[in-house]
Amino acid sequence: MEKLEKLYEGKAKQLYATDDPEVLWVEYKNSATAGDGEKKEDFAGKGRLNNLITTLIFDLLKKRGIDSHLVARVGETSQLVKKVTMFPLEIVLRNTAAGHFCSRLGVEEGIELKEPVLEYFLKNDDLHDPFVNDDDLVALGVCTREDLAEIAPLARRINEALIEIFAKIGIKLVDFKIEMGRTSDSTLLLADEITPDSCRLWDQRDGSGKVEHLDKDLFRRDLGDIIPAYEEVESRLAELAKSEGIEVAE
C-alpha cells in the first residue's frame with residue numbers, strides 16, 4: 001500500500017493518506033512530551049517500541065473479542081489503520097490512585113480504588129484537556145447520549161481485558177487513556193494507541209511492593225531512561241502473544 005500526503009502531525013505520531021480511502025498510514029515518532037508539550041525530548045528507538053507495543057496490545061485485545069482500528073504493522077515505526085472519525089475525547093480508566101487524580105482530589109498515590117473510575121477529558125491543548133462530564137459532552141455536541149452508552153461499556157471491557165493481560169506479565173495496570181472513533185459504517189472502534197506513553201504501568205515481578213515505573217512517568221518525573229522500561233514491556237507482551245498463538249515480529 002502506498003503512503004501519500006501527510007494529513008496530521010501530533011506529539012507522538014504522523015498520519016498519512018494511502019491509496020485506499022478507508023485506510024490510513026501511521027508513523028510513530030521518537031519524541032516524548034509532558035506538561036502539554038512544554039517538556040520534550042527525543043529517544044532513539046521509542047517510535048519503533050510504541051509501534052510494536054500498540055500492535056501487540058491490539059492483537060491481544062482482538063483475541064479477547066475487542067476490535068480496534070489496526071489493520072497491520074507494516075514497518076519498524078509504521079502501521080496501517082482503518083479510517084475512523086475520532087471523538088475529540090480522552091477516555092481515562094483508573095484502577096489505582098495516581099497522577100492528576102491525586103492532585104485534583106487530594107488522594108495519596110497508590111491507594112487502590114474501590115472500583116474503576118471512568119473519566120472524560122476534552123482534547124484541547126489550549127485548555128489543557130479539561131475534565132468534562134457526560135452532560136458537558138452532550139451539551140457541547142462532542143457526542144450523544146447514544147454514543148456514551150456505547151463508549152462507556154467498551155472502555156470498561158477494555159480495562160478488564162488490559163488488567164488481565166498485564167497481570168499475566170507481572171505488571172499492574174494503574175490507569176490509562178484511550179481514544180475511540182467510528183468507521184464509515186458507524187462501528188465504534190478503539191483507536192489511536194495503547195503504549196507506556198498512555199498507561200501507568202508498575203512492575204510487580206520482584207514482589208517487593210515498591211513502585212517500579214515501566215511508563216512515561218520516568219520521563220515526566222525525571223526518574224530515569226524510558227527506553228529500557230519500554231523494551232521490558234514489549235518483551236513481556238511479545239512472550240505472552242507468542243503463548244497465545246499470535247504472530248510476533250522479531
Side-chain angles (χ1 to χ4, degrees), residues 1-18 23-62 68-84 86 90 123 125 129 162 165-166 169 171 173 176-179 181 189-201 203 213-242 246-250:
M1 187 166 290
E2 187 178 355
K3 180 171 73 171
L4 303 177
E5 75 272 13
K6 185 193 294 187
L7 302 174
Y8 170 81
E9 181 164 1
K11 299 184 184 81
K13 294 184 292 298
Q14 297 170 322
L15 195 63
Y16 296 84
T18 71
V23 176
L24 300 177
W25 184 296
V26 177
E27 286 281 349
Y28 283 77
K29 297 160 62 175
N30 285 331
S31 57
T33 62
D36 292 326
E38 291 181 10
K39 182 178 183 181
K40 184 175 180 180
E41 188 174 340
D42 281 0
F43 294 90
K46 178 177 175 288
R48 179 185 69 84
L49 286 165
N50 276 352
N51 185 35
L52 284 168
I53 290 167
T54 291
T55 302
L56 286 165
I57 291 175
F58 282 1
D59 284 344
L60 286 162
L61 287 173
K62 188 170 185 177
S68 72
H69 70 163
L70 178 67
V71 175
R73 178 177 168 272
V74 290
E76 282 208 340
T77 61
S78 55
Q79 60 185 228
L80 297 174
V81 301
K82 295 175 187 174
K83 184 179 180 180
V84 298
M86 300 289 287
E90 290 183 350
K123 284 178 66 70
D125 285 344
D129 299 333
L162 289 177
I165 287 167
F166 282 113
I169 59 174
I171 295 175
L173 178 65
F176 64 93
K177 65 181 177 182
I178 51 175
E179 296 184 32
L189 289 179
L190 170 64
D192 194 44
E193 66 176 65
I194 299 178
T195 69
D197 281 6
S198 60
C199 303
R200 281 192 176 86
L201 305 171
D203 194 1
H213 294 277
L214 294 174
D215 55 56
K216 199 169 75 169
D217 271 353
L218 290 165
F219 172 67
R220 288 189 192 96
R221 304 181 183 184
D222 297 313
L223 297 174
D225 188 357
I226 64 172
I227 295 301
Y230 285 37
E231 287 175 337
E232 182 66 20
V233 172
E234 189 277 330
S235 174
R236 294 189 200 181
L237 286 169
E239 286 304 311
L240 176 61
K242 287 177 187 175
I246 295 170
E247 186 176 342
V248 174
E250 299 296 338

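- Between Glu179 and Lys123 the shortest side-chain heavy-atom distance falls below 4.5 Å.
- Note that CG of Leu218 is 8.0 Å distant from CG of Asp225, once rounded to the nearest 0.5 Å.
- The backbone N or O of Tyr28 sits nowhere less than 3.5 Å from a side-chain atom of Lys46 that would complete a donor-acceptor pair.
- A search for salt bridge (charged side-chain N to carboxylate O under 4.0 Å, His left out) contacts involving Lys13 returns Asp192, Glu193, not counting sequence neighbours.
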> Should Leu61 and Ile165 be marked as a side-chain contact (heavy atoms from CB on, under 4.5 Å) after you check the CA-CA gap, both sets of side-chain angles, and the distance that decides it?
Replying inline: CA-CA 9 Å; Leu61 287 173; Ile165 287 167; 4.0 Å; yes

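- Atom CG in Leu237 sits 6.5 Å away from atom CD1 in Ile171 (nearest 0.5 Å).
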> Can you list the steps and then say if Leu24 with Leu80 is a side-chain contact (heavy atoms from CB on, under 4.5 Å)?
Replying inline: CA-CA 6 Å; Leu24 300 177; Leu80 297 174; over 6 Å; no

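- A search for side chain to side chain contact (heavy atoms under 4.5 Å, CB included) contacts involving Ser68 returns Phe58, Leu70, Leu190, not counting sequence neighbours.
- Of the possible polar contacts, none joining the Asn30 side chain to the Ala44 backbone as a donor-acceptor pair under 3.5 Å is found.
- Residue Ala241 comes nearest to Leu60 through the heavy atom pair CA-CD2, 4.0 Å, listed as atom of the first residue, atom of the second, then distance.
- Other residues, nucleotides and ligands contribute more than 12 heavy atoms inside 6.0 Å of the CD atom of Glu5.
- Salt-bridge check for Arg220 with Asp217: passed, with a basic side-chain N closer than 4.0 Å to an acidic carboxylate O.
- Within a 6.0 Å radius of NZ in Lys216, more than 12 heavy atoms belonging to other residues, nucleotides or ligands are found.
- By the 4.5 Å heavy-atom criterion applied to side chains, Trp25 and Glu2 are not counted as neighbours.
- Interatomic distance, Leu15 CG to Lys3 NZ, rounded to the nearest 0.5 Å: 11.0 Å.
- In this structure, CZ on Arg48 lies 9.5 Å from CD1 on Ile53, to the nearest 0.5 angstrom.
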>> Under the criterion salt bridge (charged side-chain N to carboxylate O under 4.0 Å, His left out), I'd like the reasoning laid out for Lys6 against Glu27: C-alpha separation, chi angles, the key distance, then a yes or no.
In response: CA-CA 10 Å; Lys6 185 193 294 187; Glu27 286 281 349; over 6 Å; no

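- Separation of atoms CG (Asp203) and CG (Leu214) is listed at 4.5 Å; rounding is to 0.5 Å.
- Residues Val23 and Val81 form no side-chain contact, since every pair of their non-hydrogen atoms from C-beta on lies 4.5 Å or further apart.
- Taking both residues in full, the closest heavy atoms of Asn51 and Gly75 are given as ND2-O, 3.0 Å, listed atom of the first, atom of the second, then distance.
- Counting heavy atoms from C-beta on, the side chains of Ile57 and Phe166 come closer than 4.5 Å.
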Let me have the donor-acceptor pairs involving side chains of residues 227-234, under 3.5 Å, with sequence neighbours excluded, atom names and distances please.
residue	atom	partner	partner atom	Å
Tyr230	OH	Asp197	OD1	2.5
Glu232	OE2	Arg236	NE	2.7
Glu232	OE2	Arg236	NH2	3.1

> Taking it one step at a time, do Ile178 and Ser198 satisfy side-chain contact (heavy atoms from CB on, under 4.5 Å)?
Replying inline: CA-CA 7 Å; Ile178 51 175; Ser198 60; over 6 Å; no

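- Asp215 pairs by the salt bridge (charged side-chain N to carboxylate O under 4.0 Å, His left out) definition with nothing, not counting sequence neighbours.
- Nearest heavy-atom pair, Gly181 versus Ala191, reported as atom, atom and distance to 0.1 Å: N-CB, 4.5 Å.
- For Phe219, the ring-ring contact (aromatic ring centres under 6.0 Å, His included) partners are Phe43, not counting sequence neighbours.
- Note that NZ of Lys83 and NE2 of His69 are 14.0 Å apart. Values are rounded to the nearest 0.5 Å.
- Among residues two or more places apart in sequence or in another chain, the salt bridge (charged side-chain N to carboxylate O under 4.0 Å, His left out) test is passed with Asp222 by Lys39.
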